[in-house]
Number of protein chains: 2
Amino acid sequence: MGTTEQATAPEPKYWHLRTVLLRAIDSEFATGQVIPNERELASRFGVARATLRQALDQLELEGRLVRRRGIGTLVAAPRTAVPVSPAEEGWPGTGRDAAWRIVDCVTAPPSAALARALAIPASEQVHTVRRLRMTGSQVVGTEALHVPDSAVPHLPGFVGDTGRGRSVLRQLQRLELAGESRAVELGVAEAEEARLLERPPGTPVLVVTTQYAAQGRIAALAVSTYRADTCRLTFGQTGLVEVAPVGAGLAEVRTAS
Amino acid sequence: MGTTEQATAPEPKYWHLRTVLLRAIDSEFATGQVIPNERELASRFGVARATLRQALDQLELEGRLVRRRGIGTLVAAPRTAVPVSPAEEGWPGTGRDAAWRIVDCVTAPPSAALARALAIPASEQVHTVRRLRMTGSQVVGTEALHVPDSAVPHLPGFVGDTGRGRSVLRQLQRLELAGESRAVELGVAEAEEARLLERPPGTPVLVVTTQYAAQGRIAALAVSTYRADTCRLTFGQTGLVEVAPVGAGLAEVRTAS
DNA sequence: CAGTGGTCTAGACCACTCT
DNA sequence: GAGTGGTCTAGACCACTGT
């Protein structure tokens with residue numbers, strides 16, 4: 001039997017369109033190339049623009065298309081692998097490599113939720129370092145690194161925002177890292193985050209929550225958000241074998257049988 | 001040139017709606033409760049139904065709402081933590097715990113992409129075990145575990161689909177696991193996958209690609225997909241400290257400053 | 001300026017679930 | 001059958017980018 005089950009599957013138009021467009025961009029377009037505009041495509045396929053946009057929304061979510069207002073819709077580059085693990089991002093990314101860029105550092109009492117997550121009394125001050133994760137000159141992620149004051153007792157007095165941030169990171173680095181546990185989930189970027197990521201609000205992001213344990217307590221809690229459209233997070237034991245750049249071929253592998 | 005122009009931020013209606021609705025479901029509704037229907041909400045807020053739906057789409061993507069056709073829109077339960085690491089999901093999940101359920105197992109030559117990813121010649125047979133990841137009786141993920149024939153040479157002759165699947169897993173378990181590397185990215189569920197996840201096509205999923213290394217080669221490649229709406233993937237060194245159930249409080253922590 | 005994607009409207013019909 | 005979310009239409013205007 002073929003693909004012709006009809007009984008029960010009235011495939012929505014937008015889903016069919018997505019499939020057709022996906023095939024098209026895979027075979028007829030190169031990375032970075034502009035595809036025809038939405039009104040053109042809609043009329044070409046004989047659907048309303050809203051319906052076509054539904055299909056494009058899907059492909060954008062999959063990281064296959066990028067839409068730029070005033071410009072057009074482009075075929076996206078394969079997602080960039082972003083290493084997320086002690087070795088690469090380390091305690092600090094102390095500036096040795098340019099992977100992280102400190103935005104600022106504020107010291108304040110924790111919110112209730114934060115105090116709970118850090119397992120500290122609400123009265124203890126918390127240093128929050130805001131950083132940007134860079135890939136070359138591209139911002140791909142943001143991070144809020146929350147550090148209880150007691151974990152980094154020896155901070156210098158008068159330095160700027162980023163200066164204190166650097167000090168916090170250096171202090172952390174001196175601690176013996178006993179372990180870390182992570183969680184990854186899907187979220188959307190709100191106003192401030194979206195601005196830092198240079199994306200509109202509502203942009204889907206991968207949210208990574210990391211608890212760093214040292215000296216039998218939680219030494220830091222990092223909440224990082226990465227652009228879901230352009231990032232593939234890699235958790236390498238940096239093992240023997242390189243993670244194959246499955247990238248765009250991933251769909252192939254997923255559906256291979 | 002500065003990125004800090006503010007001028008005017010004409011916040012879209014749907015984004016404002018999302019914020020309002022989010023506050024409402026946080027304060028006035030309990031998990032599992034149905035919120036007013038879309039037509040009702042749209043007229044209450046004085047917007048078109050399509051605009052309201054845009055706001056609901058966002059909240060659904062964030063895992064805060066669940067929409068059920070014919071029923072209504074419900075406040076979603078906090079995401080369930082799904083452990084993803086050797087200890088918990090092991091080579092096998094050999095059936096000892098009910099976390100995985102084998103669907104079937106097919107043996108066939110690999111696609112070009114798969115052969116490349118496994119670093120084997122295209123002529124070698126590959127066993128592909130399809131499994132479902134369970135949380136209680138809920139299906140939260142699917143997996144295609146690709147194993148080169150040469151990694152599991154001692155398979156029994158005549159057993160059913162799931163029987164061979166079990167054998168493959170058992171064989172893998174006997175290998176010494178040298179390391180594994182993972183990647184996580186956002187994807188959408190296509191037809192077959194969507195069916196297994198009991199969701200419509202296009203459902204956002206977290207795609208986890210794992211390479212298992214043993215005996216200096218790639219012993220297996222797993223491509224797992226987890227429902228992004230209901231899952232929080234945890235990568236525990238199963239360290240000292242439990243990952244705090246930041247869950248719904250995560251937003252708080254993210255925006256805390 | 002013209003052209004692009006982003007937002008929004010006011011309808012319509014369909015598929016599904018429950019009673 | 002009544003009520004829900006899912007899909008789709010044919011328009012409109014806005015915000016942004018290039019020239």
Side-chain angles (χ1 to χ4, degrees), chain A residues 6-19 21 32-61 65-76 188 194-195 198-204 229, chain B residues 1 3 5-19 21 32-61 65-76 188-189 194-195 198-204 229:
Chain A
Q6 45 175 10
T8 48
E11 191 185 47
K13 278 190 190 177
Y14 77 88
W15 186 254
H16 179 247
L17 271 180
R18 168 201 167 268
T19 308
L21 289 169
Q33 197 173 348
V34 213
I35 71 175
N37 71 62
E38 297 181 349
R39 291 162 178 90
E40 158 70 17
L41 285 175
S43 82
R44 186 184 301 182
F45 288 109
V47 299
R49 191 175 154 221
T51 303
L52 177 88
R53 277 181 62 81
Q54 234 179 318
L56 296 183
D57 286 343
Q58 288 282 346
L59 292 169
E60 194 179 28
L61 196 66
L65 291 178
V66 179
R67 293 195 269 192
R68 296 216 194 122
R69 188 190 294 219
I71 306 284
T73 302
L74 291 68
V75 176
V188 304
R195 199 181 55 74
E198 299 163 3
R199 297 253 69 200
T203 300
D229 55 347
Chain B
M1 178 90 198
T3 50
E5 309 298 311
Q6 48 160 5
T8 45
E11 191 186 48
K13 278 190 191 177
Y14 76 87
W15 186 255
H16 179 247
L17 271 180
R18 167 199 167 271
T19 308
L21 289 169
Q33 197 174 348
V34 282
I35 70 175
N37 72 61
E38 299 182 349
R39 291 162 179 88
E40 159 70 17
L41 285 175
S43 82
R44 187 183 301 182
F45 288 108
V47 299
R49 190 175 155 220
T51 303
L52 176 87
R53 278 182 61 82
Q54 236 180 316
L56 296 183
D57 286 343
Q58 288 281 347
L59 291 169
E60 194 178 28
L61 196 65
L65 291 178
V66 179
R67 294 196 269 193
R68 295 215 194 122
R69 188 189 294 217
I71 306 284
T73 303
L74 291 68
V75 176
V188 304
R195 200 181 54 74
E198 299 163 4
R199 296 252 70 199
T203 300
D229 54 348

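The analysis underlying the following values was restricted to heavy atoms, covering all of them including side chains, and did not include hydrogens, waters or symmetry mates. Every chain is numbered from 1, with letters handed out A, B, ... down the list of sequences.
A:S43 pairs by the side-chain contact (heavy atoms from CB on, under 4.5 Å) definition with nothing, not counting sequence neighbours. Taking B:Q33 as the reference, nothing meets the side-chain hydrogen bond (donor to acceptor under 3.5 Å, both in side chains) condition, with sequence neighbours excluded. With sequence neighbours left out, the side-chain contact (heavy atoms from CB on, under 4.5 Å) criterion links B:P200 to B:T203. Shown here are the side-chain hydrogen bond (donor to acceptor under 3.5 Å, both in side chains) partners of B:R68, two or more places apart in sequence or in another chain: there are none. Applying the side-chain contact (heavy atoms from CB on, under 4.5 Å) test to A:Q54 and every residue at least two apart in sequence or in another chain returns A:Y14. Remark: B:E38 pairs with B:R49, B:R53, B:R67 by the side-chain hydrogen bond (donor to acceptor under 3.5 Å, both in side chains) rule, at least two apart or across chains.
For the pair B:L17/B:L41, no side-chain contact is recorded, criterion being any heavy-atom separation below 4.5 Å from C-beta on. A:W15 is listed as a side-chain neighbour of A:Q58, based on a closest heavy-atom distance under 4.5 Å. Between A:D229 and A:E60, the closest side-chain pair of non-hydrogen atoms is not below 4.5 Å.
Side chain A:R68 to base D:dG18: no donor-acceptor pair is found below 3.5 Å.
Summarising the geometry, the separation between CZ on A:R53 and P on D:dG11 is reported as 18 Å, rounded to the nearest angstrom. When rounded to the nearest whole Å, the span between CG of B:L74 and P of D:dT4 equals 13 Å. Atom CZ of A:R39 and atom P of D:dC13 are 13 Å apart (whole Å). Atom NE2 of A:H16 is separated from atom P of D:dT7 by 16 Å (rounded to the nearest Å). Atom CZ in B:R18 sits roughly 19 Å away from atom P in C:dG6 (whole-Å rounding). For the pair B:L17 CG and C:dG6 P, the interatomic distance rounds to 19 Å; values are reported in whole Å. Distance CZ (B:R67) to P (C:dA15): 19 Å, rounded to an integer number of Å.
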All N/O contacts under 3.5 Å from nucleotides 8-10 of chain C to the protein, with atom names and distances to one decimal?
| from | atom 1 | to | atom 2 | distance (Å) |
| --- | --- | --- | --- | --- |
| C:dC8 | OP1 | B:K13 | N | 2.3 |
| C:dC8 | OP2 | B:Y14 | N | 3.3 |
| C:dT9 | OP1 | B:K13 | NZ | 3.0 |
| C:dT9 | OP2 | B:A48 | N | 2.8 |
| C:dT9 | OP2 | B:T51 | OG1 | 2.4 |

Report, one pair per line, the protein and nucleotides 1-3 of chain C atoms (nitrogen or oxygen only) whose separation is under 3.5 Å.
| from | atom 1 | to | atom 2 | distance (Å) |
| --- | --- | --- | --- | --- |
| C:dG3 | N2 | A:G70 | O | 3.2 |

